[in-house]
Amino acid sequence: MSYSAAVITVSDRGYQGVRPDASGPALCRLLEASGYRVLYTALVPDETALIQKELLHCCDTLHAALVLTTGGTGFSPRDITPEATLAVVERPTPGIPEAMRAESMRITPRGCLSRSAAGIRGRSLIVNLPGSPKAAQENLLAVLDPISHGLDMLRSDGSANCAEEHL
């Protein structure tokens, strides 16, 4: 099944025009190649209110099935994307960022430094990804298949046949 998606890039430098946004477009290409319909993109600075406004727009107005953020998940004092995300989600989904960090650790020991969060708001799934295009794509690829099943469950009227064997 094809689902809708939105991609929000969180970057002070990108927003100011100092650095081009490479992560957002890379994620859009990856999503489209995986069968998603990217219906919205945005670029915002590392400001809690602006991040939350975009997340609420994507979930509550656009009703995107999958909302990805890229950027703002590190240790910098301005990296507040996980906090902004957790303030708007209704149900956290900690297994998604745990799986992304585990996969990242296979590539670099610095993978453990990601503070990515994920959660459900209404019938939308929000997932935070790192700001680098390479890391954002690697993290998304690590969870894209299970996310598809999660969206099947989230978007169904009852059960998405969770007992069915998956090979």
Side-chain angles (χ1 to χ4, degrees), residues 3-31 36-105 110-144 146-147 150-151 154-155:
Y3 288 110
S4 59
V7 177
I8 302 166
T9 301
V10 180
S11 170
D12 285 335
R13 285 183 241 156
Y15 185 77
Q16 295 165 353
V18 175
R19 176 191 302 170
D21 176 16
S23 297
L27 289 173
C28 289
R29 287 189 298 274
L30 178 55
L31 286 167
Y36 285 80
R37 296 179 324 276
V38 178
L39 53 90
Y40 183 78
T41 62
L43 174 61
V44 297
D46 294 90
E47 296 290 339
T48 301
L50 295 176
I51 297 167
Q52 289 174 341
K53 179 182 175 186
E54 288 297 336
L55 292 171
L56 294 173
H57 176 68
C58 292
C59 296
D60 299 351
T61 303
L62 299 177
H63 303 287
L66 179 61
V67 180
L68 302 178
T69 67
T70 176
T73 62
F75 280 26
S76 167
R78 300 262 315 147
D79 289 337
I80 45 80
T81 303
E83 290 77 15
T85 298
L86 292 172
V88 302
V89 301
E90 298 162 341
R91 297 185 289 157
T93 57
I96 293 170
E98 289 169 6
M100 293 188 309
R101 281 187 282 273
E103 185 60 27
S104 289
M105 288 293 295
R110 293 181 182 172
C112 67
L113 300 178
S114 171
R115 297 183 325 100
S116 294
I120 296 166
R121 179 178 179 86
R123 297 183 93 179
S124 300
L125 174 63
I126 302 169
V127 179
N128 299 154
L129 297 165
S132 102
K134 180 180 182 294
Q137 291 174 88
E138 289 169 351
N139 276 249
L140 181 57
L141 285 170
V143 295
L144 201 52
I147 281 176
L151 292 176
L154 186 59
R155 293 294 180 129

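Nearest heavy atom pair, residue Ser124 against residue Ala64, reads OG-O, 2.5 Å. Shortest non-hydrogen contact noted between Cys28 and Val38 is SG-CG1, 3.7 Å. For Ser4 against Leu39, the heavy-atom pair with the smallest separation is CB-CD2, 3.0 Å. Counting all heavy atoms, side chain and backbone alike, Gly72 lies closest to Arg115 at O-NH2, 4.3 Å. In this structure, Ser132 and Ala135 approach most closely via the heavy-atom pair OG-N, 3.0 Å. Nearest heavy atoms, Val10 versus Pro45: CG1-O, 3.9 Å.
In this structure, CG in Leu154 is found 13.0 Å from CZ in Arg121, a value given to the nearest 0.5 Å. Annotation: the span from Leu55 atom CG to Thr81 atom OG1 amounts to 8.5 Å, rounded to 0.5 Å. Taken to the nearest 0.5 Å, the NZ atom of Lys53 stands 12.0 Å off from the SG atom of Cys58. Leu140 CG to Leu27 CG: the interatomic distance, rounded to the nearest 0.5 Å, is 6.0 Å. Atom OG of Ser23 and atom CD of Gln137 lie 8.0 Å apart (nearest 0.5 Å). Annotation: the span from Leu68 atom CG to Ile8 atom CD1 amounts to 9.0 Å, rounded to 0.5 Å.
Contact annotation: the side chain of Val7 never approaches that of Val67 to less than 4.5 Å [non-hydrogen atoms, C-beta and beyond]. Leu62 is listed as a side-chain neighbour of His57, based on a closest heavy-atom distance under 4.5 Å. Side-chain contact between Glu83 and Thr48 is absent, with no heavy atoms from C-beta onward closer than 4.5 Å. Between Ile147 and Tyr36, the closest side-chain pair of non-hydrogen atoms falls below 4.5 Å. For the pair Ile126/Val89, a side-chain contact is recorded, criterion being any heavy-atom separation below 4.5 Å from C-beta on. With a 4.5 Å cut-off on side-chain heavy atoms, Tyr3 and Arg155 count as touching. For the pair Ser116/Arg101, a side-chain contact is recorded, criterion being any heavy-atom separation below 4.5 Å from C-beta on. The shortest side-chain heavy-atom distance between Met100 and Leu129 falls under the 4.5 Å cut-off.
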### Task
Kindly indicate, with the supporting measurements, whether the criterion side chain to side chain donor-acceptor pair (under 3.5 Å) is fulfilled by Glu47 and Tyr15.
CA-CA 11 Å; Glu47 296 290 339; Tyr15 185 77; over 6 Å; no
#### Entry: Chi angles and distances behind the side chain to side chain donor-acceptor pair (under 3.5 Å) call for Ser104, Asn139
CA-CA 7 Å; Ser104 289; Asn139 276 249; 3.1 Å; yes
### Task
Take Thr73 and Asn128 through the test side chain to side chain donor-acceptor pair (under 3.5 Å) and record every step on the way to the result.
CA-CA 7 Å; Thr73 62; Asn128 299 154; over 6 Å; no
### Task
Could you walk me through whether Glu138 and Lys134 pass side chain to side chain contact (heavy atoms under 4.5 Å, CB included), step by step?
CA-CA 6 Å; Glu138 289 169 351; Lys134 180 180 182 294; 2.5 Å; yes
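If you run side-chain hydrogen bond (donor to acceptor under 3.5 Å, both in side chains) between Thr9 and each of Thr69, Thr41, Thr70, Asp21, only Asp21 comes through.
Comment: Arg78 engages Asp12 in a salt bridge, judged by a side-chain N to carboxylate O separation of less than 4.0 angstrom.
Of the possible polar contacts, one joining the Glu90 side chain to the Gly122 backbone as a donor-acceptor pair under 3.5 Å is found.
Within a 6.0 Å sphere centred on CZ of Arg110, heavy atoms belonging to other residues, nucleotides or ligands number 12 at most.
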